[in-house]
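Everything below concerns the one structure shown next.
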Number of protein chains: 4
Amino acid sequence: MTTVDTSTRSPGRPRSARVDESILKAVLDLLVEGHTVEALTIEAVAAKAGVGKATIYRRWPGKDALLVDAVRSLKGPAPTPVGASVRDDLVLLLGSARKKPDQRFVRIMSCLGPEVQRSPERYRLYQGLVEPRREVMREVLRRGVAAGELRPDIDIEVAVMLLTAPVLIQRMLRWHPDLDDATLPGRVVDTVLAGLATHPG
Amino acid sequence: MTTVDTSTRSPGRPRSARVDESILKAVLDLLVEGHTVEALTIEAVAAKAGVGKATIYRRWPGKDALLVDAVRSLKGPAPTPVGASVRDDLVLLLGSARKKPDQRFVRIMSCLGPEVQRSPERYRLYQGLVEPRREVMREVLRRGVAAGELRPDIDIEVAVMLLTAPVLIQRMLRWHPDLDDATLPGRVVDTVLAGLATHPG
Amino acid sequence: MTTVDTSTRSPGRPRSARVDESILKAVLDLLVEGHTVEALTIEAVAAKAGVGKATIYRRWPGKDALLVDAVRSLKGPAPTPVGASVRDDLVLLLGSARKKPDQRFVRIMSCLGPEVQRSPERYRLYQGLVEPRREVMREVLRRGVAAGELRPDIDIEVAVMLLTAPVLIQRMLRWHPDLDDATLPGRVVDTVLAGLATHPG
Amino acid sequence: MTTVDTSTRSPGRPRSARVDESILKAVLDLLVEGHTVEALTIEAVAAKAGVGKATIYRRWPGKDALLVDAVRSLKGPAPTPVGASVRDDLVLLLGSARKKPDQRFVRIMSCLGPEVQRSPERYRLYQGLVEPRREVMREVLRRGVAAGELRPDIDIEVAVMLLTAPVLIQRMLRWHPDLDDATLPGRVVDTVLAGLATHPG
DNA sequence: CGTTAATCGAGACGGTACGTCCTGTCTTCGG
DNA sequence: CCGAAGACAGGACGTACCGTCTCGATTAACG
């Protein structure tokens, strides 16, 4: 009677971790190259990863699941720390996408955007990836309120959208063709902080 | 009201206007049916319109041009009128997408968004469709400044982005899953008008 | 009421005869190049014929059926005419495989041999292709008997085998590595005609 | 009867002779089951032998070598003895394939035939297996010449081909569908001995 | 009112990617 | 070290569309 192995291990050759990595890397590389999820062919992934197609299908049921895992492997390369004033912190956060290696992250995220509209699975993926970054921003806003820099009655969720949506949409759609990516975060933050109305409240 | 052109008239059987209409209708129907632009296949359009594929390619050089004409046929269902206060005007403009038949318009526009990143042609299409609506908003803002309701030094382009981007992105990506579409425009406008800072300027 | 068309014609673009030809040609070319039916890949046929795979599958259900039609298209490039004496006729018939374009025919036939063992369909194909050539030889033998050149009691079927089998097997298996293809027919015919025994009958 | 070698003995578990046997048996079984050599897959052999694929590759470098050993293990089940007259000897030799266990031998040989065309290795194998049998036949012919039964000027190599080729080809290709396997050797030998011509020489 | 020529639906065409299956090799484990 | 189980790279399979190209039949204005 052999010992009952609680950490059951299937017989045969185990799956190679190297292969997992090279496949996920290939997916991300293809995204940054091809700019679109449509360019993300299983066949292309296999070729780029130097892997047989069957090896991919052995691990993931289809392109969606593969995409999910690949992007999940990005792990938001550090949500970025914080500085001194609220204004500077916000500009830093919004502009972080412009610094390497975050650029790669944003590049991939903006490919994903369109895809999110389709499957709930991909939608959840996108939320999970982006949420930590939003939480950092919420924290900055809360500290601004605590420090008296921001009005105590602000709608934090709306504020986060106001700050992030313009930058994101500008990246994705090049909304304003002549708007400078570099200065946009500053202009957005300043305008949001000051407000438009003459007599606020 | 078909203009009968007596001057130049090519021989042979003229193209059927019914066919044009049914093709454009098929395109728009496919878009609102939740499909993305990728799912907008010429073959699917032909099938839905009850038309041969060649009949489509005879009129448009490719999917892009077809898409352009189809969306153009929507004719931005009236750029929306204006109300009393700046606040109410802005809320009205941002919320207009919720009223029928504007909903159909927005549904289609949000399918288009992702496509803009690719071809310059599609980009120009998108800009052309959206620009009139932005111009209305700019006008509202300018009148607000003139009326003393808004600060004279505001960055109008950034203000337009601040106002429109959150609503658009919420529609496209369902950015905040628990944010109510109905109340969002009001909350956005209020927050933008008031600003976040305790001591603006 | 339109005339009832007895020669019903399906709508749409008819299938191209050129394509049929190029596919069949590609099959035969691959056989003579690859020496084996195994080397006859549908994908390779499509590539060589400059044709999409679907175009092949639209016409034939699978490799077998394609092979059958391809070889059938060979049509034994003329069963060869006949000369003066029985001896010369037989040598000519056996040696015909060495002359173009018959060489191509034999090349393909010898690829088929192994395949014949498998499906009855392919077996029937092989028989149909080879039979006319055997009939020519039988005729030569019969005329030899009538002319008094051959013994009247000979077993014609066995005689045909005796004459053809060595040449065929030599081609297929290179049975005797040092036996010259060019002189073999002559030696075979002479030996068969003369017989081995000192006192025949 | 496993020879226990006391002299040199590699460390570790010794290879099981049972496994060797079961693999070779599996190969031969697959061949006689009507499969061609192409159907002789390492995977199929492993499955049939109840053995891992690696176990096979540890012993033989590839399919060719395995095939060589398998067929060699047949050991031409005794090159056949000799009888009284040349005619009877030849009929016996040609007909030996019909008696068990020779039938199995021929079955396997005819699978091999087609393969010979490919690799020189397999060609040599085939020659090696078949040569002893041909040598026996040559010996019979030579003794016939010496005994005065056969003409002294016969071409022995051609004679061997004349005698063996029809039987072999009939088995491999079922050349004449209605030719009886049992009587064929007798008819062949008789016809070859007598010759076809009225006036031999 | 017949000619004429561009229209129409239908579908074949060369491609490309799909997801499955099987090949021969390799890499683990337990015995 | 052996043996099984099975992962690995590669490649052909047959399917489904893509966007283009032909077909025969239709159809409306012109002569």
Side-chain angles (χ1 to χ4, degrees), chain A residues 2-3 5 9-16 18-19 38-47 49-63, chain B residues 9-16 18-19 38-39 41-44 46-47 49-63, chain C residues 2 5 9-16 18-19 22 38-47 49-63, chain D residues 10-16 18-19 38 41-47 49-59 61-63:
Chain A
T2 57
T3 40
D5 190 354
R9 199 175 162 320
S10 65
R13 174 176 175 177
R15 297 198 180 154
S16 157
R18 293 181 98 86
V19 167
E38 305 305 319
L40 188 75
T41 301
I42 292 284
E43 240 159 32
V45 173
V51 145
K53 274 198 293 179
T55 302
I56 297 179
Y57 283 109
R58 202 176 288 124
R59 289 146 203 262
W60 294 279
K63 190 150 65 178
Chain B
R9 184 74 176 66
S10 64
R13 175 178 176 177
R15 292 192 184 160
S16 156
R18 292 182 93 90
V19 168
E38 300 304 317
T41 300
I42 294 287
E43 211 158 57
V51 145
K53 280 197 287 179
T55 302
I56 298 177
Y57 282 107
R58 199 175 293 122
R59 289 147 203 260
W60 294 276
K63 188 151 67 175
Chain C
T2 57
D5 189 357
R9 202 178 160 316
S10 65
R13 176 176 174 177
R15 297 198 180 154
S16 156
R18 292 182 99 87
V19 167
S22 68
E38 306 303 320
L40 188 75
T41 301
I42 293 284
E43 241 158 32
V45 173
V51 145
K53 275 198 293 177
T55 302
I56 298 178
Y57 283 110
R58 203 176 286 126
R59 291 147 202 262
W60 294 279
K63 188 150 64 178
Chain D
S10 62
R13 173 177 175 178
R15 292 193 181 161
S16 156
R18 294 180 92 90
V19 168
E38 300 306 316
T41 299
I42 295 286
E43 210 159 57
V45 173
V51 146
K53 280 196 288 181
T55 303
I56 298 177
Y57 282 107
R58 198 175 292 123
R59 288 148 204 261
K63 188 152 67 176

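The sequence lines fix the lettering, A, B, ..., with proteins before strands; numbering per chain opens at 1.
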Where do B:Gly52 and B:Ala46 come nearest, in terms of heavy atoms and distance?
C-CB, 4.2 Å
Write down the distance between CZ (B:Arg18) and C1' (E:dT7), rounded to a whole number of angstrom.
16 Å
Can you tell me if A:Thr55 touches the phosphate of F:dA9, counting only side-chain N or O atoms and a distance under 4.0 Å to OP1 or OP2?
yes
Table of protein N/O atoms under 3.5 Å from nucleotides 27-29 of chain E N/O atoms:
from: E:dT27; atom 1: O4'; to: A:Arg13; atom 2: NE; distance (Å): 3.3

Separation of C:Arg15 atom CZ from E:dA10 atom P, in whole Å?
18 Å
Rounding to a whole Å, what distance do you find between A:Tyr57:OH and F:dG6:C1'?
21 Å
B:Arg59 CZ to E:dA6 P, in whole Å, measures 15 Å
Per nearest nucleotide of DNA chain F, the residue lying toward the 5' end, C:Glu43 or B:Gly62, is C:Glu43
Would you kindly give the CD1-to-P distance between A:Ile56 and E:dT20, to the nearest whole Å?
13 Å
For the pair made of CG in A:Leu40 and C1' in E:dA17, what is the distance, rounded to whole Å?
12 Å
Rounded to whole Å, how long is the line connecting atom CD1 of B:Ile42 with atom C1' of F:dC21?
15 Å
Distance, rounded to the nearest Å, where C:Trp60 contributes CH2 and F:dG14 contributes P
14 Å
Going by modelled atom types, is there a donor-acceptor pair between the base of F:dG14 and the side chain of C:Lys53 at under 3.5 Å?
yes
Are the side chains of B:Lys53 and B:Ile56 in touch, meaning some heavy atoms are under 4.5 Å apart?
no
Only counting residues at least two apart or in another chain, list the ones meeting side-chain contact (heavy atoms from CB on, under 4.5 Å) with D:Ala49.
D:Ser22, D:Ile23, D:Ala26, D:Val51
The residue, C:Ala49 or A:Thr41, whose nearest nucleotide of DNA chain E is more 5′ is C:Ala49
Output all residues satisfying side-chain contact (heavy atoms from CB on, under 4.5 Å) with B:Ala44, sequence neighbours left out; order by chain, then residue number.
B:Leu30, B:Thr41
Comparing A:Lys63 with C:Gly50, nearest DNA chain E nucleotide closer to 5' gives the residue C:Gly50
Taking only residues two or more places apart in sequence or in another chain, which ones pass side-chain hydrogen bond (donor to acceptor under 3.5 Å, both in side chains) with D:Arg59?
D:Asp20
